[in-house]
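Quick notes on the structure that follows.
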Amino acid sequence: MAKLAKLDDIVSLCKRRGFIFQSSEIYGGLASCYDYGPLGVELKRNVREAWWKSVVRMRDDVVGLDCSILMHPMVWKSSGHADKFADLVTVCKKCNTRTRVDHLADHAQEHTEHVPVETAMADAGDLSKKACPSCGSVGKFSESMAFKLMFETQMGANADDTMTLFLRPETAQGIFANFRNVLDSTRVKVPFGIAQIGKSFRNEVTTKAFIFRTREFEQAELEFFCTPGTDEQWYEHWKAARFQWYIDNGIKAENLRFRDHDPDELAHYAKACVDVEYKFPFGSGDWQELEGVANRTDYDLRQHQRGMRSINDWHENGCDLQKVTLKEEDPEYFKGPLSYFDEQEKKRYIPYVIEPSAGIDRSTLAFLVDAYDEEEVKGQTRNVLRFSPSLAPIKAAVFPLVKKDGMPEIAQKIAGDLKGCFSCFYDQKGAIGRRYRRQDEAGTPYCITVDGETIADNVVTIRERDSMEQEKINVDQVKNYLREKLDL
RNA sequence: GCGGGCGUAGCUCAGCGGUAGAGCGUCACGUUGCCAACGUGAAUGUCGUGAGUUCGAAUCUCAUCGCCCGCUCCA
């Protein structure tokens, strides 16, 4: 059905209809950055809203949070990002292939294992003896280059007195950093979750495929805290719940799948991880990750307890993160400041964490691509975005059949009334058929048309997007009709 | 970062050394009166950007920015 064979088609559609624009386009564009246009911003807000409703509002065991993007530098020391998100990379001069230095080490590191810069530097010294995994040439490597995966910025207006901070590379750490605050302020009891939606930043080595991998991106993350031993069942619970969410919001089941991470693919702290993947019509493998659900065990909270014990070290070292070494873990770590006391079991422990982490931008793209359809109607091509009503940027459009005889006034009144409930669009220009088709291309589920008889009988026509079928109803029933059909 | 391809109107593209073009879309007026209708008219371009070659550059050369594909990488 869908004719979006290439990424270019999607980019074109997004621009033409005002969903997504290249950032700073009038200045030649800024790599990897994109802006959401009038329809795009509504769509993206609806995606966020649908996630929040499903993960937070419809549940009794999840609360929300909105952390600052800038956090104490020690957060990233504890999380490991400060050390481990600085990979060393070298280029083979013979074949121009880029390779991570730690992959050339004598004892090959695991796939997702990042190594501290110092260790990598030490290994980098003897690159002259290493063979290129691509072409086999020995000692042809360039000087190794460090890739800073975190964006840096300065805090403090006085140039002589600033502190280097990082833009968060994930929202999750802000949740862990607030674990104690939420426990102390909300009467939550394990098992419970803390959810957050917000921007994150990563200097990806390569960006890719439109808004699919960008350096500034939006995440929707849940950290679900549970009793050790129950983590596997919660993992299954969230895996299923998150998959279903995409289905419920309109993704076709055949375009969605799970991909379990192999044991040797897992990050060292993760006990299990699965990706929810969507079959995008671009890229080499087609299937691309929308979301990861991971069992992070008690790793993060334990790391932050170590960080809390190391804060003096940070001050004593002139606030230089590079000079700080995290203190060893207290043998009684399970009684530490980020532990939880279970009243039922009369036991203190560090909860395990299940983390569903979704990409809002790539999900938005998936919803857009999946909704796109072209069909033949009386020899003409009709373009339709078959959005789920929950995501449609515009829920209803109101038209006077013609721009006279009092019809515009009635239509405007109806539109004004509906705007209080949901996003609604009024249009009185041009032929009615054209107005219908324009709304089809924006994905508007319903159009309401006021005709010449409405003045007399108070009846309007409601036209449904997918079937193009029309139904006559009383003006007074429009709002309830839409509420019911849109499930709002 | 490497290799390949591509940047001309909002979109799709033609033009490839000599006045900036088409289709679609957009806007206005008229007509019509429930599915991209018709008529008339109109607006819109730093030809990605900057240098160079030339009497003259959208066109040739170089640099640069951006996008796509591949490599590489990747919660």
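Keep in mind the model is a prediction, meaning the values are calculated, not measured. So that the names make sense, note that chain A is the first sequence line, chain B the second, and so on, each numbered from 1.
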[atom1] atoms of [N] and [M], separation to the nearest Å:
N	M	atom1	answer
B:U72	B:C16	P	40 Å
B:U49	B:C13	C1'	22 Å
B:A58	B:G17	P	13 Å
B:U26	B:C62	P	42 Å
B:A22	B:G15	C1'	11 Å
B:G45	B:U19	C1'	15 Å
B:C6	B:G48	P	13 Å
B:A9	B:A20	C1'	10 Å

Taking the basic N atoms (NZ, or NE/NH1/NH2) and the acidic carboxylate oxygens, is any pair closer than 4.0 Å for [X] and [Y]?
X	Y	answer
A:E218	A:R48	yes
A:E464	A:K485	no
A:K239	A:D260	yes
A:K15	A:E25	yes
A:E375	A:R386	yes
A:E216	A:R202	no

N/O donor-acceptor pair under 3.5 Å between [X] side chain and [Y] backbone:
X	Y	value
A:S363	A:G359	yes
A:Q196	A:C67	yes
A:S79	A:H81	yes
A:R306	A:S78	no

Checking all strands, does [X] fall into the base, sugar-phosphate, or nothing category for heavy-atom contacts under 4.0 angstrom?
X	answer
A:K404	base
A:A358	base
A:T381	base
A:Q219	base
A:A431	base
A:S32	sugar-phosphate
A:G18	nothing

- [ ] Indicate whether the side chain of A:Q173 and that of A:D300 have a donor and an acceptor atom separated by less than 3.5 Å.
- [x] yes
Open item on the list: If only side-chain N and O atoms count, and only distance matters, is there a donor-acceptor pair under 3.5 Å linking A:D361 with A:Y36?
Closed with: yes
Find the partner of [N]: check Watson-Crick (N1-N3 plus N6-O4 or O6-N4) and G-U wobble (N1-O2, O6-N3) distances, both under 3.5 Å, and reply none if neither fits.
N	result
B:U61	B:A51
B:U32	none
B:G25	none
B:C2	B:G70
B:A9	none
B:C16	none
B:G56	none
B:U46	none

Counting side-chain heavy atoms from C-beta on, which of [options] comes nearest to [X]?
X	options	result
A:Y34	B:C35, B:A75, B:C67	B:C67
A:T461	B:A36, B:C34, B:C35	B:C34
A:A31	B:C35, B:G66, B:C68	B:G66
A:L401	B:C35, B:C68, B:C34	B:C34

Task: 5' precedence on RNA chain B between A:E464 and A:G292 (nearest-nucleotide basis) - done: A:E464
Task: Residue whose closest nucleotide on RNA chain B lies nearer the 5' end, A:P400 versus A:L290 - done: A:P400
- [ ] Could you tell me whether the phosphate oxygens of B:C35, OP1 or OP2, come under 4.0 Å of any side-chain nitrogen or oxygen in A:Q470?
- [x] no
Task: Short side-chain N/O contact from A:S12 to OP1 or OP2 of B:U12, under 4.0 Å - done: yes
Without decimals, in angstroms, what is the distance between [X] [atom1] and [N] [atom2]?
X	N	atom1	atom2	result
A:L30	B:U64	CG	P	18 Å
A:H261	B:A75	NE2	C1'	9 Å
A:N203	B:G1	CG	P	12 Å
A:E25	B:G10	CD	C1'	10 Å
A:N295	B:A75	CG	P	17 Å
A:F399	B:C34	CZ	C1'	11 Å
A:N383	B:C35	CG	P	19 Å
A:D427	B:A36	CG	P	15 Å

Open item on the list: Once hydrogens and angles are ignored, does a donor-acceptor distance under 3.5 Å link the base of B:C35 to the side chain of A:R435?
Closed with: no
Open item on the list: So that I know where these two stand, are A:W234 and A:F224 an aromatic pair - ring centroids less than 6.0 Å apart?
Closed with: yes
Close N or O pairs between protein and nucleotides 39-48 of chain B (under 3.5 Å):
| unit_1 | atom_1 | unit_2 | atom_2 | d |
| --- | --- | --- | --- | --- |
| B:U46 | O4 | A:I26 | O | 3.2 |

Open item on the list: Output one letter per nucleotide in nucleotides 21-29 of chain B: B when a protein non-hydrogen atom lies under 4.0 Å from the base, S when only the sugar-phosphate is that close, - when neither is.
Closed with: ----SS-S-
